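The structure appears right after this line, and notes come after that.
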Amino acid sequence: MKRENLLIGILLIVFYAAVFFATETGLIPPYYQVNLYLMGINIIAAVSLNLIVGFTGQLALGHAGFMAVGAYISVILTMKLGQPFLLAVLAGAAAAFLVGILIGLPTLRLKGDYLAIATLGFGEIIRRLLDNIDYVGGAAGINGIPKLTNWTWLYIFTLLTIFIIKNFVNSTHGRACISVRDNEIAAETMGINTTYYKVLAFSIGAFFVGIAGALYAHYFFLIQPATFSFMKSFDALVMVVFGGLGSITGSVIAAVAVTFMNAALINFGTLRMVIYALLLVIIMVFRPQGLMGTKELTFKRLFGGKERGGSANVNDKTSD
Amino acid sequence: MKNNKWLVVLIMMLVAALAATGCGGKDGDSETIKVGVNYELSGDVAAYGTTAKDAILLAFDEINEAGGVLGKKIEAVVLDNKSDATEALSVATKLVTQEKVVAHLGPATTGATLNTIPVITEYKVPLITNSATHPDITVDPQTNKTREFVFRTCFIDPPQAIVGAEFAVKELGVKKVAVYYDNTNDYSKGLYKVFKEHVTALGGEVVAEEGYVESDLEFRPTLTKFKQSGAELIYIPGYYEKVAKIVSQARELGIDVPFLGADGWDSPDLVEVAGPEALNNTYFTNHYSPQDPSEKVQNFVNAYKERYGSIPASFSATAYDAAYLLADAIKRAGSTDTEAITKALAETKDFDGITGRFSFDEQHNPVKEISIIEMVDGEQTLKTKIAPK
Amino acid sequence: MLMTKRLTKAFGGLAAVSNLDLELRHGELVGLIGPNGAGKTTVFNLLTGIYLPTEGEIILEGESIVGKKPYQITARGMARTFQNIRLFDSLSVLDNVKIASHWHSSYSLPSTLLRLRSYYQGEKQMTEKAIELLEMFNLDDKKDEQASSLPYGEQRRLEIVRALAAKPKILLLDEPAAGMNPLETKDLMALIEKIRELFDLTILLIEHDMSLVMGICERIYVLDYGKVIAHGTPEEIKNNKRVIEAYLGEGA
Amino acid sequence: METLIAQLLNGLSLGSIYALIALGYTMVYGIIQLINFAHGEILMIGAYAGFFAITKLELGFFPALIVAMVVSVVLGIIVERVAYKPLRNSTRLSALITAIGVSLFLQNGGLQVFGTDYVTFPRAVDKVTYKFLGGNATITSHQILILIITVIMMFILQYIVHKTKTGKAMRAVSYDKDAALLMGVNVDSVITVTFAIGSAFAAVAGVLLGMYYQTIHPLMGSMPGLKAFIAAVLGGIGIIPGAMAGGFLLGIIETLVSGYLSSAYRDVVVFGLLIVILVVKPTGLLGKDTHEKV
Amino acid sequence: MLKVENIDVYYGAIHALKGVSLEVKEGEIVTLIGANGAGKSTSLQTISGLIRQKRGKIMFSGRDISFSPAQEIVRMGISQVPEGRRIFANLSVRENLEMGAYLQKGKEGLKKTLEKVYEKFPRLRERLNQRAGTLSGGEQQMLAMGRALMAQPKLLLLDEPSMGLAPILVKEIFSIIKEINEAGTTILLVEQNAKMALSIANRAYVLETGRIVTSGPAQELAESEQIKKAYLGG
């Protein structure tokens, strides 16, 4: 166990250093760098959404709204109030967390598709409000955002997200969330405060996607309300389902794969979206439970040895 | 079960391989001058991106037929940014760093264009947009410095709105106006603000102002509200597809006051949808008029019509101008060095384009006359031309 | 210990339970029987807070628990099983049991996220206790299997283990022998007796299998149309005319 | 007062558009519990089919409507067979993602095939404007036509689902597929029929939408589709009269907010109200409170 | 009438039925008993076409129905009352019954069969227009049986009809099963309550972890010490 952790730690540092070196020397061309950053941001978005949808079983479609909150708050802090980047990112995430609680409390009593539509509504409310706030540029958004997101920050926050959500899930708190997904009534009679855990998972998810929003804003120069439309929430959902509901490594792999696919398809010109959509359908038809199912890709799995845990054919309880 | 996972991975690898070969094939021909064309070809505003791209390709073909530039042919590298600002940056990065284009045309919208600026600035590649009208495009609002590598062939929001306001108050003699703008569009909101300012400055009054959303179809509720407001003119700084519906629904509700708009109105579809009758007593400010009898304009209109089957809208005209302007600048620079081209672009004087003869001012905005078009029985007629102050 | 007074629950005008007076004394094993649709499960749902009573009182150890949420009632010492098994299907057998001890868990959210020492200790404690319980029910060798993959009888047993892990004072069992054959039922009877002693439990159970009910219950309430029609020792119930008419049938 | 009546009329006509689309949406949902995100795109294809039938085949409005329905039905069946059927026993979320994929495919395929331009839909039915209340309120023949067709369609749907043998089979399938199989119901064909009917309804909505707003575009289905879905949820998803009620309610709320508050904040208010309504009544307006049997 | 020959059924990797063979002759009541998870329900579901066997053959009235679709099997005269009743809770009682006769043509015939079912289950008649979900457990079981009878089956498969029912209802249900059989319908019965099942059956099969371990006349089995010990709690 200890040796395994050490090995993983060394690998992570080596990977960090390798990419750092490669970007500095231009070994990774700028175009792939853009996609590298998108990958990191997508990983954070997908893993955090997986906590809500995959582990807690709450079909929420307002993820882009929280991303917007994180992005806007952090940009206000860095650009208008001259605060340091780290503080701005954390403040953006904290704001998203609070909004998550605010939104989660009333809506999480809803079930399945009703919850989906209510959260989608909240995402749209946030976007429409931003359209009307001149302080943040209205529909035009804010441009000229300093490029403060660098590889180090991106790497740290991506790892932090995975690490914390993994720790959360593999604890009694995480099990409480899963029990809510599997059988809410039984969970409640077993002493689980289901509302608390639903809201907790929801706002933790919001917190991390708020970080993703802040990183996004400080890499991409411009943020606009239109950037955070419900299509962005869908994108994150695609990654979660594609990776496997309730599999963190699945979400990571899917986020990388989807970003990569999107980048690769750029050469197909106007056909790129047609092909992307087609691939989406084909992948789902052939692998409906997602790449990983509910399993995790672990060190042991990769390098032989048997993994404990259930099979991949868990019935979905997400939206019943 | 297991097999499916690998099948999926296989599919993705296939895509990657295809993509890789796709980009490999284009390399290595130094006999051409590569120009990046980064436009909205799918997604929400694909209609505008596509017309611009069409006009650019037409212009390049004409230039190449006439012998090209500096003895070389221009090769357009066309990529789709999905009407998404993030993608626009991705595309620009690919064009600039991988395709090594000497200049970058597009995107069409302000947001997407803004997002490409850091990249083209970093790699010192000039960019010309044909329809991003926001002032921030060419001037950094934080430093008030002109962005060295960014140019445009369309005029910016303020002059157009100022001319519109002047026309409304002075020529049409109205005092009370209503404004109906696209709340999700910076172009539209920009025009609305300047227009409001100037109408008020000229002694007029804005009695009602409302915003719609880009996905709206139904405008009657707001129009009914306008009807009660006593407005003598309704200003709609929006795109033709919405404008046509707004005007048509307004006339249906019995609103017969004049409508005034801006270059977003220009499209043959405006008449087709709203009908010639509803459009009587409407005006808009524009870059050019396809009715303009000048030979240059008519040649362009005919060539475009022949190739694409429709009358070119003003976005096509400004895009066409952007393409010719670029070719002209390369000629003047005498090289394909990006900084030389940029310099030549900045020095543009009296360029004779479809949308008028223009020079760039210090902020890289074209100084040209603004046409006011009146719709008469479905025909665009040139009412007057006003040079903004 | 547990008492209901004039407990009533109406669904859209129809009274599923009406004016129910029920009493459980410490350490008792009481049966609740009656025809299908008589309102037995509704009583359980009222007691555990899943339904809110239309009228009446539920008093647990001298305090009213009406209006309390199910998890709060569990914390006060009441746990149950379900007629239609409700396990956490995707979790392992062990984790199913650990969930029930969640509110006893001794580590906090921050220590979870940062993997502090108290997390490992807390987890270890929970695991040990859960395994102890599983051993008692002969399920320990299946602790890593997914709950949904267990055979039916073992799922029923696991539900009981899970309920016990919540450390209840009162255990409510809803048709624990449903779908079991007589042999399994017999084993179950012994098990119920055993845990009652071991954990000092008060048990209320719903069951159709008369061999089980008559065999182990000290007192029995018979419900029909939401009302108590009889109440007494198994012997008294067996010979009660109304019960025979409504529930047992001739020659039981 | 006159303005209010005028605004209510506006709301009614917008609402009937939403209701029209929501009907097909909610029916498919009611039977197979799939949010068919491609519904808006099937509507779009129907609108284009109607467009070509009128302009290229020079058909009248009603024959063109039939052509549009046939095209949409064929498409709907293909989509169901190719993309949804293989996922019938998978999670609902993977089916949802597939539906989004189909929707994106049809949108972008549409952009390729039909072009990115807005296409003007011919005025196949004459538009007459009726004025009353001293010209303060108007209603057009198109609005009346849409309203009537929406109401008729609702009754047809109700009849199909509640009075016919197929409808009974649909409801049985929606509740328990295996039990329906045991009754001798061919579940696959019942689901196909469900999609066919839903698609036919989408086609009608598409052609009417084209006629009413005069332009069609490959992306025309997405926003009205989403709004219609919201209307369906508002009314209680899966419930046919609910779709109608939700559609009208949404239309009227939107209109009143635009007319009396601010159109820029309209969506904020509308979505806010939607959430409030759902929080108060978590299963929509006409949704039955099917509390889980414990 | 029904001949199941050597069928093997898998759920994913789990081998649920291992070479099960059984036979039901016309007019018989045959019961299948065994512990939970022995494969009793799986056997019934395989016969009615809900699950496909990997190997083996199922013959009905001389025809091979091994791979016939479920609706074809119903059409040929096999109806199943599934475990847990599985009535359509969202449909009315009448509609549930009509669903049972889904493949029957002609209104007259339907009316007649309806009458017959009402005779057998008078309580259903009282609740015709009620939503089936509002019925009590016993009534639901009757509805499920009535629904299956609507198809006028030659062979009726019953899966745990007594599960979760009050003793008085169990007796009633079993006497109805007997009646149905006497009226000419062959019955294959799966029961947990082995005592009751053996008391009305002609023959019985005992399943253990996917295999048939014993079979014989019901009477004989009921008296066998081994069976008594394992399944009758004696």
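All figures in this text were calculated on a predicted structure; none of them were measured in a lab. Chain naming here is simple, since letters A, B, ... match the order of the sequence lines and numbering starts at 1 in each.
- In this structure, chain B has a heavy atom under 4.5 Å from the side chain of D:Thr129, while its backbone stays farther away.
- From B:Phe219, atom CZ reaches atom CG of D:Asn10 across 12.5 Å, with rounding to the nearest 0.5 Å.
- Contact of B:Leu223 with chain D is not made at all, since no heavy-atom distance falls under 4.5 Å.
- Side chain of D:Gln7 to backbone of B:Pro221: a donor-acceptor contact under 3.5 angstrom is found.
- Residue with the most contacts toward chain D among B:Asn183, B:Thr224, B:Thr50: B:Thr224 (heavy-atom pairs, distance under 4.5 Å).
- The shortest heavy-atom contact between B:Glu252 and D:Lys131 is O-CE, 4.3 Å.
- The nearest pair of heavy atoms linking B:Gly43 to D:Leu219 is O-CD1, 3.3 Å.
- With a threshold of 4.5 angstrom between heavy atoms, D:Pro224 approaches chain B through side-chain atoms but not through N, CA, C or O.
- Between D:Gln214 and B:Ser248 the shortest side-chain heavy-atom distance falls below 4.5 Å.
- Residue with the most contacts toward chain D among B:Gln228, B:Lys227, B:Lys245: B:Lys245 (heavy-atom pairs, distance under 4.5 Å).
- Ranked by heavy-atom pairs under 4.5 Å with chain D, the list B:Glu218, B:Glu209, B:Glu272 is led by B:Glu218.
- Minimum heavy-atom separation, D:Tyr118 to B:Asp269: O-OD2, 3.1 Å.
- The residue among B:Gly275, B:Ala274, B:Gly211, B:Gly49 with the most heavy atom pairs within less than 4.5 Å of chain D is B:Gly211.
- When heavy atoms are compared at a cutoff of 4.5 Å, B:Asp216 approaches chain D solely by way of its side chain, counted from C-beta outward.
- Using a 4.5 Å cut-off between heavy atoms, B:Thr51 touches chain D through its side chain atoms alone.
- Residue D:Gln143 touches chain B through its side chain alone, counting heavy-atom pairs closer than 4.5 Å.
- Contacts of B:Phe226 with chain D are absent, with no heavy-atom separation under 4.5 Å from either backbone or side chain.
- Contact of D:Leu261 with chain B is made through the backbone alone, with heavy-atom distances under 4.5 Å.
- Other residues, nucleotides and ligands place more than 12 heavy atoms under 6.0 Å from the NZ atom of D:Lys127.
- Scanning both residues, B:Val273 and D:Tyr213, for their nearest heavy atoms gives CG1-O, 4.2 Å.
- The backbone N or O of D:Met223 lies less than 3.5 Å from no partner atom in the side chain of B:Ser215, so there is not a single donor-acceptor pair.
- In terms of heavy-atom pairs under 4.5 Å with chain B, the best-connected choice from D:Thr138, D:Thr140, D:Leu256, D:Leu209 is D:Thr138.
- Interface check for chain B: of the options D:Tyr212, D:Tyr265, D:Phe121, the most heavy-atom pairs under 4.5 Å are formed by D:Tyr212.
- Across all non-hydrogen atoms, the minimal contact from B:Lys225 to D:Tyr260 is NZ-C, 4.2 Å.
- Chain B forms more heavy-atom pairs under 4.5 Å with one residue of D:Asp267, D:Leu104, D:Leu111, D:Thr215 than with any other, namely D:Thr215.
- Residues B:Glu210 and D:Ser262 have side chains in contact (heavy-atom distance under 4.5 Å, counting atoms from C-beta outward).
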